[in-house]
Amino acid sequence: MNTTLEPQKKSNFIREIIDEDLKIGKREGRVHTRFPPEPNGYLHIGHAKSICLNFGLAADYNGKFNLRFDDTNPEKEEQEYVDSIVEDVHWLGGNFEDRLFYASDYFEQMYDYAVDLIKKGKAYVCELNGDEIRATRGTLTQPGTNSPYRNRSIEENLDLFEKMRQGEFPNGAKTLRAKIDMAAPNINLRDPIMYRIVHAGHHRQGDTWCLYPTYDWAHGIEDSLEGITHSICTLEFENHRPLYDWFLDELGIYHPQQIEFARLNLSYTVMSKRKLLELVKNNYVDGWDDPRMPTISGMRRRGYTPQSVRNFADMIGVARRDALTDLALLEFAVREDLNKKAQRVMGVLKPLKVVLTNFPEDLTEELEGVNNPEDASMGTRMIPFTRELYIEQSDFMEVPVPKYHRLAPGTEVRLRYAYIIKCEEVVKNEAGEITKLRCTYDPETRSGTGTSQKKVKGTIHWVSAKHAVPVEIRLYDRLFTVEDPGSEKEKDYKEYINPNSLEILSSVVEPFVKNAKPGATFQFERNGYFCVDTKYTTADKLVFNRTVTLKDTWAKMK
RNA sequence: UGCCGAGUCGUCUAACGGUAGGACAGCGGCCUUUGGAGCCGUAUGCGGAGGUUCGAAUCCUCCCUCGGCAGCCA
């Protein structure tokens with residue numbers, strides 16, 4: 001149980017429901033949640049919200065959390081998705097222990113329950129085809145009409161249902177329907193379909209079944225069988241709750257409580273599996289784990305930490321109103337976490353050569369750099385300093401604008417951990433482009449020596465040319481150019497794809513980074529957080545993904 | 001037009017009849033050998049109209065706006 005010693009978790013309406021349930025001793029005071037994905041795609045940040053919610057509730061209330069695949073539709077589901085989902089839930093920290101379940105493991109039990117309903121006169125085999133069912137369902141404002149097969153005898157229903165299972169009928173020929181009310185104002189109650197015939201191999205059941213349960217019929221049973229106490233799902237299932245309750249009540253079995261919350265929408269991206277699948281299939285992105293994708297695997301590859309995603313989930317809270325969450329919240333969450341953990345290092349994204357004309361040709365000085373100012377235990381490292389360096393192109397302006405604290409002709413700037421230098425000469429090629437800066441350094445100004453009182457406004461990062469490790473750096477920008485690409489009814493969301501969401505750079509980093517392992521995260525000082533890409537990094541070439549930039553107050557001033 | 005649901009700072013989210021608070025974003029400042037981090041300060045909000053009440057974001061009525069639902073998807 002939660003104790004008063006623990007930090008107070010942010011209140012939300014689901015916690016209030018649970019608190020009340022616990023108070024009145026409902027369901028033996030247990031809390032047992034689940035995350036029930038269909039394995040028809042990769043998990044995204046919206047699913048992460050649900051996982052954190054469900055797992056967090058179980059953890060905080062000393063309860064249990066199940067991972068259950070809702071694999072009731074063989075035509076869309078694949079083992080690849082199962083594997084990725086298990087990996088993602090684990091990575092996020094969702095601990096389901098040994099409780100990994102599959103709806104398909106309950107098919108036999110569901111079938112028996114269906115027979116029970118038939119025997120109670122609450123379900124019937126219907127021979128209407130898809131068009132006919134649609135036509136007799138009525139509309140939002142008009143009631144439907146009864147199926148001509150609605151009043152078959154129980155014996156005939158039992159016989160037909162058995163034959164459906166045996167594979168005697170083709171796809172779509174017959175369905176099993178609940179006998180509820182064709183005039184119900186809630187369309188879900190107009191004799192909903194419980195089983196459809198699908199002759200297709202199932203990723204786990206193979207050809208055992210040609211009869212597959214629908215979501216509405218299956219889901220409550222799955223929850224019931226697992227002893228789930230609070231069945232948390234998103235708002236679009238709200239209209240299905242009466243049906244969830246109806247099935248469980250008619251069956252007379254353990255009855256969990258369905259609670260709906262608003263799904264996550266994030267600005268500048270899309271969250272539907274259908275759209276994400278389309279981006280992948282049509283190569284708008286480089287797979288489900290493309291770092292620009294809002295998928296968990298994409299975010300992992302981009303350098304997000306599980307902790308940052310969990311913090312984000314806590315920040316956004318849980319409610320019942322539709323919302324569009326600002327991407328800035330997610331970026332804040334990852335910066336906050338990485339700031340505490342990331343090894344600092346210097347890397348020059350777009351290099352500009354600097355020659356220190358008064359620095360000895362063959363000298364290499366070793367300068368000490370702090371690995372993480374937020375965490376002294378991470379220690380220090382030595383950084384080589386030589387006559388020829390690279391600095392960031394953006395750290396030099398031939399004609400500086402006001403408030404520009406960096407290098408310009410005749411001005412001084414500090415090199416991080418090193419000396420103050422002065423720009424003496426700008427070297428250009430025939431095209432007039434700046435190719436090199438000739439500077440002088442002031443030997444009295446070495447960092448930490450305190451031998452000079454000289455102060456400069458700016459400090460810039462650099463890499464010794466002789467020691468520079470060439471790397472590829474991938475900069476990512478938002479995938480879409482508008483806040484809510486999916487909301488425009490008249491336009492296809494793909495029209496808003498950002499054509500500049502990926503920029504690939506040839507860059508240099510300090511030698512400390514040379515043997516970094518795939519997945520390792522660094523802060524390139526003044527630039528942002530970067531991680532070694534797990535897909536394209538090879539033995540002789542490091543590829544970095546920019547996870548997120550540092551907050552840049554200078555960029556805002558411009 | 002039927003049913004269900006939701007409206008609180010720019011964004012997300014608290015409040016449970018008793019001073020509308022927090023986070024992010026913004027703005028101003030301090031500090032700084034990362035224009036990072038940190039610290040301090042600051043502005044902005046209860047969809048509308050009535051009603052009940054000493055007192056309403058909260059309870060009631062009406063209105064407005066937005067979202068979901070007519071798959072043999074989940």
Side-chain angles (χ1 to χ4, degrees), chain A residues 10-12 16 36-38 40 70-73 75-77 126 128-130 133-135 137-144 171-177 184-190 192-198 212 214-216 218-219 233-242 260 262 264 267 273-274 312 314-333 335-336 339-340 344 346 370 372-374 403-406 414-418 420 445 447-448 455-461 483 523-528 549-557:
Chain A
K10 198 166 171 181
S11 162
N12 66 51
E16 288 181 12
E38 183 189 14
N40 67 343
D70 204 4
D71 54 350
T72 57
N73 184 355
E75 293 180 311
K76 291 187 175 175
E77 297 153 8
C126 183
L128 258 25
N129 64 33
I133 286 183
R134 200 172 310 118
R137 186 152 36 218
T139 68
L140 292 176
T141 53
Q142 296 165 308
N171 287 357
K174 291 179 173 51
T175 58
L176 184 74
R177 294 228 255 167
N186 181 339
I187 292 180
N188 295 127
L189 263 17
R190 317 237 264 231
I193 289 166
M194 296 163 61
Y195 278 99
R196 72 278 208 187
I197 296 171
V198 183
Y212 288 91
T214 56
Y215 169 86
D216 287 311
H219 206 84
C233 61
T234 45
L235 248 28
E236 67 268 28
F237 293 103
E238 196 170 2
N239 296 333
H240 295 247
R241 185 172 3 116
E260 311 86 18
L264 170 70
S267 59
K273 279 198 209 172
R274 197 205 98 229
F312 171 71
D314 281 342
M315 279 192 280
I316 60 176
V318 183
R320 281 177 68 82
R321 77 182 84 130
D322 293 309
L324 178 61
T325 298
D326 194 336
L327 185 62
L329 255 67
L330 218 210
E331 296 190 336
F332 170 80
R335 277 193 198 103
E336 185 188 40
N339 177 49
K340 289 183 285 194
R344 269 61 166 178
M346 291 195 282
V370 174
N372 185 348
E374 307 292 322
K403 301 264 180 82
Y404 188 76
H405 295 165
R406 309 176 191 178
R414 174 172 290 285
L415 295 179
R416 177 80 159 150
Y417 297 126
I420 291 174
T445 58
S447 280
K455 292 263 188 212
V456 289
K457 284 230 176 88
T459 299
I460 65 173
H461 57 278
E483 266 206 325
Q523 182 197 101
F524 291 174
E525 292 205 27
R526 304 209 306 133
N527 270 320
T549 61
L550 249 27
K551 207 164 80 181
D552 188 350
T553 49
W554 167 247
K556 282 188 299 198
M557 288 167 65

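A note on names: the letters A, B, ... follow the listed sequences, proteins ahead of strands, and every chain is numbered from 1.
Taking the side chain of A:Leu329 as heavy atoms from C-beta on, and the options B:C24, B:C69, B:A74, the nearest nucleotide is B:C24. Closest to the side chain of A:Arg320, from the set B:A6, B:U33, B:G2, is B:A6. Nearest to the side-chain atoms of A:Pro185 among the listed nucleotides B:G2, B:U34, B:G35 stands B:G2. When each of B:G67, B:A74, B:G35 is scored by its nearest atom to the side-chain atoms of A:Arg526, the top-ranked nucleotide is B:G35. Side-chain atoms of A:Asn12 lie closest to B:A14 of the nucleotides B:A14, B:A74, B:C12. The listed nucleotides are B:A6, B:C69, B:C12; the one nearest the side chain of A:Asn188 is B:C69. With B:G2, B:U34, B:C4 as the candidates, the nucleotide lying closest to the side chain of A:Thr141 is B:G2.
Remark: A:Thr72 is in phosphate contact with B:A74, judged by side-chain N or O atoms under 4.0 Å from OP1 or OP2. Phosphate contact (OP1/OP2 of B:C72, side-chain N/O of A:Lys174, threshold under 4.0 Å): absent. At least one side-chain nitrogen or oxygen of A:Arg137 sits closer than 4.0 Å to the OP1 or OP2 atom of B:G71.
For B:G21 and B:G26, the P atoms lie 22 Å apart once the distance is rounded to whole Å. Here the separation of B:G10 from B:G45, taken at their C1' atoms, is 10 Å to the nearest Å. Comparing the C1' positions of B:U11 and B:C30 gives an interatomic distance of 28 Å, to the nearest angstrom. Only the P atoms considered, B:A23 is 12 Å distant from B:G38, to the nearest whole Å. Using atom P as the reference point in both B:A57 and B:C9, the two lie 14 Å apart (nearest Å). B:G55 and B:C64 have their C1' atoms separated by 27 Å, with the value rounded to a whole Å.
Map A:Asn527 and A:Glu77 each onto its nearest nucleotide of RNA chain B; the residue landing nearer the 5' end is A:Asn527. The nearest heavy atom of RNA chain B to A:Lys455 and to A:Met315 marks one nucleotide each, and the one closer to the 5' end goes with A:Met315.
If you check B:A20 for Watson-Crick or wobble pairing at under 3.5 angstrom, you find it has no partner at all. The partner of B:G50 is B:C60, by the rule that a Watson-Crick or G-U pair needs both atom distances under 3.5 Å. With a 3.5 Å ceiling on both atom-pair distances, the Watson-Crick or G-U wobble partner of B:C30 is B:G38.
Here A:His219 does not pack flat against the base of B:A74, since the 5.5 angstrom centre distance and 30 degree tilt limits are not both met. Stacking between A:Trp554 and B:G35 is present: the aromatic ring centre lies within less than 5.5 angstrom of the base six-membered ring centre, and the two planes differ by under 30 degrees.
Look at CD1 on A:Ile193: it is 4 Å from P on B:C72, rounded to the nearest Å. Distance A:Asp322 CG to B:U8 C1': 16 Å, rounded to the nearest Å.
Checked against the 6.0 Å centroid threshold, A:Tyr215 and A:Phe237 count as a close aromatic pair.
In summary, the side chains of A:His461 and A:Arg416 do not present any donor paired with an acceptor at a separation below 3.5 Å, with no hydrogens or angles considered.
A salt bridge links A:Arg320 and A:Glu238; the closest N-O separation between the charged side-chain nitrogens and carboxylate oxygens is under 4.0 Å.
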Worksheet item: Can you check side-chain hydrogen bond (donor to acceptor under 3.5 Å, both in side chains) on A:Glu374 and A:Asn372, steps first, answer last?
Response: CA-CA 5 Å; A:Glu374 307 292 322; A:Asn372 185 348; over 6 Å; no
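Across all strands shown, A:Thr139 has heavy atoms under 4.0 Å from base atoms, whether or not it also approaches the sugar-phosphate.
For B:G71, the base adopts the syn conformation, since its glycosidic angle falls within 90 degrees of zero.
Between A:Leu189 and A:Ala184, the shortest heavy-atom distance links the atoms CB-CB, 3.6 Å.
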